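The structure appears below as structure tokens.
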Amino acid sequence: MSLQFSVLASGSTGNALFVGNGKESLLVDAGLSGKKMEQLFKEVDQSIENLSGILVTHEHSDHIKGLGVLARKYKLPLYANEKTWKAMEPLIGTVPTEQKFSFEIGDVKSFGGIEVESFGVSHDAAEPMFYTFHSEGKKLTLLTDTGYVSDRMKGIVRNSDAFIFESNHDVEMLRMGHYPWNIKRRILSDLGHVSNEDAAIALSEVIGDHTKYIYLAHLSQDNNMKELARMTAEQTLKEKDHGVGVQFNIHDTDPKKPTPLIDLSHT
């Protein structure tokens with residue numbers, strides 16, 4: 001059995017990803033309450049008790065809200081880089097020293113047959129980073145919370161079997177919306193979030209022969225719609241001669257309900 005995954009929740013109100021291989025399993029971020037996280041695990045028939053650990057991307061509340069609660073209740077190891085640890089420790093409560101581990105940008109760690117590589121992104125956090133997961137020839141990429149997708153990032157994530165990729169906002173919806181201008185400027189900046197249009201263009205440059213699944217993630221509640229994000233991606237990818245609906249499919253994510261558990265060994 002190779003990589004399995006479910007986007008447990010994705011959006012501006014909370015984010016979490018389950019990754020496993022039938023033997024070991026990992027959680028990336030815990031951006032919802034401990035109680036809600038337990039509910040999401042039950043919905044995909046997985047067990048928090050069996051996790052090998054929780055990987056943290058950065059310290060924003062929609063990624064760490066339930067982190068301390070889950071770590072203490074289930075005695076789970078937490079992995080984050082040094083700057084993220086310093087930024088999030090006051091926010092998650094006391095975690096026993098023996099549960100705290102370092103995972104720096106560019107490191108590769110092995111969890112029972114799952115190789116995890118971390119890479120830096122451009123976001124207004126202490127030292128934000130995301131991950132690619134490798135197991136038995138399959139590759140899964142999680143990439144959200146970045147103002148742009150650099151050539152370096154593209155090189156790391158290219159030709160993944162599955163992408164969980166930020167498509168945060170529609171630029172016109174954001175510009176015309178009710179947010180104060182300083183918030184709009186932050187979202188549109190290189191330290192903010194990737195728009196539907198920029199996500200579609202970046203995806204067109206990293207999709208490869210192995211790609212079977214694309215999940216559009218971290219959609220803004222106020223400045224985007226699932227249908228709009230999906231339509232933008234489909235249109236751009238078709239224009240660039242990618243096989244939407246043939247080679248791969250584009251899927252939605254949701255802030256409150258998990259995506260079905262996908263096993264990449266079946267692709």
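None of the values given here were measured: they were computed from a predicted structure.
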Can you tell me if Asp45 has over 12 outside heavy atoms packed within less than 6.0 Å of its CG? no
For side-chain contact (heavy atoms from CB on, under 4.5 Å), just list the numbers for Phe18 and Leu261, CA-CA rounded to whole Å, side-chain angles, deciding distance to a tenth of an Å, and then say yes or no. CA-CA 9 Å; Phe18 171 85; Leu261 191 70; 3.8 Å; yes
When you measure from the side chain of Glu166 to the backbone N and O of Val194, does any donor-acceptor pair fall under 3.5 Å? yes
Has Asp62 got a side-chain atom pairing as donor or acceptor with Asn15's backbone, closer than 3.5 angstrom? no
Should the heavy atoms of other residues, nucleotides or ligands under 6.0 Å from NZ of Lys256 be counted, would the total exceed 12? no
Surrounding NZ of Lys257 (heavy atoms of other residues, nucleotides or ligands, distance under 6.0 Å), is the total greater than 12? no
Run the side-chain contact (heavy atoms from CB on, under 4.5 Å) check on Glu24 and Leu26 step by step: do they pass? CA-CA 7 Å; Glu24 304 281 337; Leu26 297 162; over 6 Å; no
Looking at CG of Leu51 and CG of Leu70, how far apart are the two atoms once the value is rounded to the nearest 0.5 Å? 8.5 Å
Distance, nearest 0.5 Å, that separates OG1 of Thr232 from CG of Leu216: 9.0 Å
Only one of Val108, Leu55, Leu78, Val56 forms a side chain to side chain contact (heavy atoms under 4.5 Å, CB included) with Phe103, so which one is it? Leu55
Start with the C-alpha gap between Leu17 and Asp29, add the side-chain angles, then the distance that decides, and say whether side-chain contact (heavy atoms from CB on, under 4.5 Å) holds. CA-CA 7 Å; Leu17 170 69; Asp29 292 338; over 6 Å; no
Heavy-atom donor-acceptor pair, Ser2 side chain to Ser265 backbone, under 3.5 Å: yes
Value for CG (Leu203) from NZ (Lys240), rounded to nearest 0.5 Å, stands at 12.0 Å
Sidechain-backbone polar pair: Arg152 side chain, Gly120 backbone, donor-acceptor under 3.5 Å: yes
Is there a donor-acceptor pair under 3.5 Å between the side chain of Asn50 and the backbone N or O of Ser25? no
Step through the shown structure and confirm whether more than 12 heavy atoms of other residues, nucleotides or ligands are within 6.0 Å of CD on Glu205. yes
With a sphere of 6.0 Å drawn around NZ of Lys139, does it hold more than 12 non-hydrogen atoms of other residues, nucleotides or ligands? yes
Check the pair Leu27, Phe41 against side-chain contact (heavy atoms from CB on, under 4.5 Å), reporting the backbone distance first and the verdict last. CA-CA 10 Å; Leu27 176 64; Phe41 266 79; 4.1 Å; yes
What is the ring orientation for Phe5 with Tyr213, classed by angle as parallel under 30°, tilted 30 to 60°, or perpendicular over 60°? perpendicular
Please confirm whether His169 and His193 have ring centers closer than 6.0 angstrom. no
Quiz question: by atom type and distance under 3.5 Å, do the side chains of Ser122 and Asp190 form a donor-acceptor pair? no
Ser135 side chain to Gly113 backbone, donor-acceptor under 3.5 Å: yes
Verify the distance criterion only: is there a donor paired with an acceptor across the side chains of Asn196 and Ser167 at less than 3.5 Å? yes
First locate atom CG of Leu237, then atom OG1 of Thr211, and finally report the distance between them rounded to the nearest 0.5 Å. 10.0 Å
In this structure, are over 12 heavy atoms from other groups packed under 6.0 Å from Lys42 atom NZ? no
Whether Glu43 side chain and Thr259 backbone form a donor-acceptor pair below 3.5 Å: no
What is the distance from atom CG of Asp145 to atom NE2 of His63, rounded to the nearest 0.5 Å? 3.5 Å
Check whether Ser118 reaches the backbone of Glu104 with its side chain - one donor and one acceptor, N or O, closer than 3.5 Å. yes
So for atom NZ, which belongs to Lys83, do other residues, nucleotides or ligands contribute more than 12 heavy atoms lying within a distance under 6.0 Å? no
Starting at CG of Asp107, measure out to OG of Ser102 and round the result to the nearest 0.5 Å. 6.5 Å
May I ask you to check if Lys109 and Tyr79 form a cation-pi contact, with NZ or CZ under 6.0 angstrom from the six-membered ring centre and within 45° of the axis? no
Side chain of His123, backbone of Gly192: donor and acceptor closer than 3.5 Å? yes
Kindly say whether Glu127 contributes a backbone atom to a donor-acceptor pair with the side chain of Asn81 at under 3.5 angstrom? yes
Reference residue Phe163; test side chain to side chain contact (heavy atoms under 4.5 Å, CB included); the match among Leu143, Thr141, Leu140: Thr141
Any non-hydrogen side-chain atom of Met225 less than 4.5 Å from a side-chain atom of Asp170? no
Over 60° means perpendicular and under 30° means parallel, so classify the ring planes of His58 and Phe130, tilted if in between. tilted
